[in-house]
Amino acid sequence: MMRKSLTILYSLLIVAWLTGCATVETPKPVPYKVMPGGMVVWEDEIEFKIPPREWKLLRVEVGENDINFGFMRSDPGGFPSVTTFAYDEEPFGCSAASFEGREREFFKRFLFNAILQFQILERKKVQVVGGEGLQVDVEGKDPIKGEKVRARVVFGKRGERIIGFYITQWRPMAGTYDLSAFEVFDKFVSSFKYLKKSFYETL
Amino acid sequence: MEGHERNLYLYDRFNARVVGVSRDDVITLKYFAKSLGLTFPLLSNPTGFLGVSFDTLVEGRPVFRRRTVIIDKTGIIRYSRDGSPDFKDVLLFLKKLNQEGGKK
């Protein structure tokens with residue numbers, strides 16, 4: 001009788017333990033929906049073309065509850081060969097009056113931990129999210145660490161506020177850039193569409 | 001701080017003004033404001049008087065917690081949150097407060 005009771009008790013404990021495991025492994029809801037035709041709808045607010053499979057989703061948590069996400073790809077070659085691109089609803093800086101003003105503020109902070117010497121390669125006006133924007137291509141070099149980065153930053157407008165897209169491609173100083181990644185980024189940016197007004201536009 | 005600067009046009013819309021408070025000296029704050037392009041006032045409070053008044057002193061340490069406080073036009077504290085400001089929450093609160101004020 002006692003052995004039977006113990007068996008029942010052990011069974012209950014095991015069930016409880018398994019239930020605990022099942023709770024831990026419950027998948028978290030994802031903030032996006034994959035649509036037919038390779039498009040993604042992000043939080044029912046933004047639509048864009050999904051990048052190829054080798055690009056992994058990168059969620060940026062900044063604690064100011066604005067939308068920030070991007071994609072990352074490890075590249076062949078030595079450290080730090082990696083390419084990352086992102087959408088940022090609140091890029092560095094404050095100016096909303098002109099893209100040029102925001103550009104100046106942005107580059108004071110962009111990749112500032114790396115202490116790079118930036119050189120502007122090209123600056124041009126572009127069409128982005130249905131309006132005028134500014135695209136700036138830069139290259140930064142860190143001669144101490146022997147690293148370099150090529151970046152493209154695109155400023156656009158959502159309502160009264162300036163939004164940004166950027167891609168960074170890091171390489172060792174002697175490495176070669178893979179500009180096909182910039183084409184993936186350009187497709188991402190040109191496919192970008194707002195499906196509804198932003199929080200700030202509804203106030 | 002940049003977040004507040006970006007939101008100034010919305011604070012105006014809701015009849016609100018923003019000021020920052022820090023224990024840094026005036027020269028440091030001037031440089032800080034210039035480097036970030038801040039146009040709203042930053043108050044230098046080296047004695048910590050305001051920090052004590054708002055009860056943000058960390059126990060056992062000579063530092064103050066970051067806190068966002070909204071004071072209405074009659075001088076009553078209506079909103080107080082520790083940590084990095086939740087700008088959307090602040091804006092929604094100011095909008096509500098402004099609507100309340102308009103009804104009175």
Side-chain angles (χ1 to χ4, degrees), chain A residues 31 42-46 59-69 86-113 115 118 134 153 155-166 194 196-203, chain B residues 1-20 22 28-42 56 65-70 72 78-103:
Chain A
W42 188 275
E43 290 181 347
D44 298 324
E45 195 167 332
I46 293 165
R59 191 83 204 263
V60 186
E61 299 290 347
V62 291
E64 293 183 359
N65 63 22
D66 288 304
I67 298 173
N68 295 266
F69 63 88
Y87 165 68
D88 188 351
E89 195 133 272
E90 296 285 323
F92 292 132
C94 318
S95 293
S98 75
F99 293 125
E100 288 75 14
R102 190 60 167 262
E103 177 205 339
R104 277 192 296 279
E105 295 167 353
F106 181 85
F107 280 103
K108 281 185 193 171
R109 309 267 302 277
F110 184 55
L111 302 177
F112 75 109
N113 280 339
I115 314 176
F118 276 117
L134 178 71
V153 182
F155 297 102
K157 272 211 156 184
R158 186 178 192 191
E160 293 171 90
R161 300 168 86 95
I162 289 180
I163 54 91
F165 300 88
Y166 38 83
Y194 296 119
K196 60 182 181 186
K197 287 185 173 182
S198 74
F199 166 80
Y200 303 103
E201 289 171 282
T202 58
L203 285 172
Chain B
M1 289 294 174
E2 280 185 326
H4 287 303
E5 184 70 29
R6 289 181 204 124
N7 290 339
L8 285 183
Y9 71 103
L10 293 168
Y11 296 162
D12 270 350
R13 191 178 296 171
F14 303 138
N15 293 309
R17 298 291 175 269
V18 60
V19 292
S22 163
T28 305
L29 289 181
K30 273 187 179 173
Y31 185 81
F32 177 72
K34 191 179 171 190
S35 69
L36 289 181
L38 306 181
T39 57
F40 60 88
L42 297 178
T56 60
R65 279 188 294 275
R66 190 172 182 187
R67 178 172 287 178
T68 304
V69 174
I70 296 175
D72 72 12
R78 300 287 298 268
Y79 177 103
S80 179
R81 302 278 189 281
D82 281 348
S84 293
D86 181 337
F87 291 110
K88 289 183 178 174
D89 193 42
V90 167
L91 286 165
L92 287 173
F93 194 87
L94 288 175
K95 183 180 179 181
K96 190 175 140 224
L97 205 57
N98 189 47
Q99 285 166 345
E100 279 177 20
K103 284 176 193 165

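In what follows, chains carry the letters A, B, and so on, assigned in the order in which the sequence lines appear, proteins first and then strands, with residues in each chain numbered from 1.
Interface remark: Arg102(A) contributes side-chain atoms only to the contact with chain B (heavy atom separation under 4.5 Å). Neither the backbone nor the side chain of Thr39(B) comes within less than 4.5 Å of any heavy atom in chain A. For a residue to count as touching a neighbouring chain, one of its non-hydrogen atoms must lie under 4.5 Å from one of that chain's; by this rule Leu36(B) touches chain A with backbone and side chain alike.
Residue Phe93(B) is tested with Phe87(B), Tyr11(B), Phe14(B), Tyr79(B) for a ring pair (Phe, Tyr, Trp, His ring centres under 6.0 Å); the sole match is Tyr79(B).
Salt-bridge formation is detected for the pair Arg161(A)/Glu90(A): a Lys NZ or Arg NE/NH1/NH2 atom is positioned less than 4.0 Å from an Asp or Glu carboxylate oxygen.
At most 12 non-hydrogen atoms from other residues, nucleotides or ligands lie less than 6.0 angstrom from OH of Tyr31(B).
Most heavy-atom pairs under 4.5 Å with chain A, from the set Glu5(B), Lys95(B), Glu2(B): that is Glu2(B).
For Ser95(A) (side chain) and Ser98(A) (main-chain N/O), no donor-acceptor pair under 3.5 Å exists by modelled atom type.
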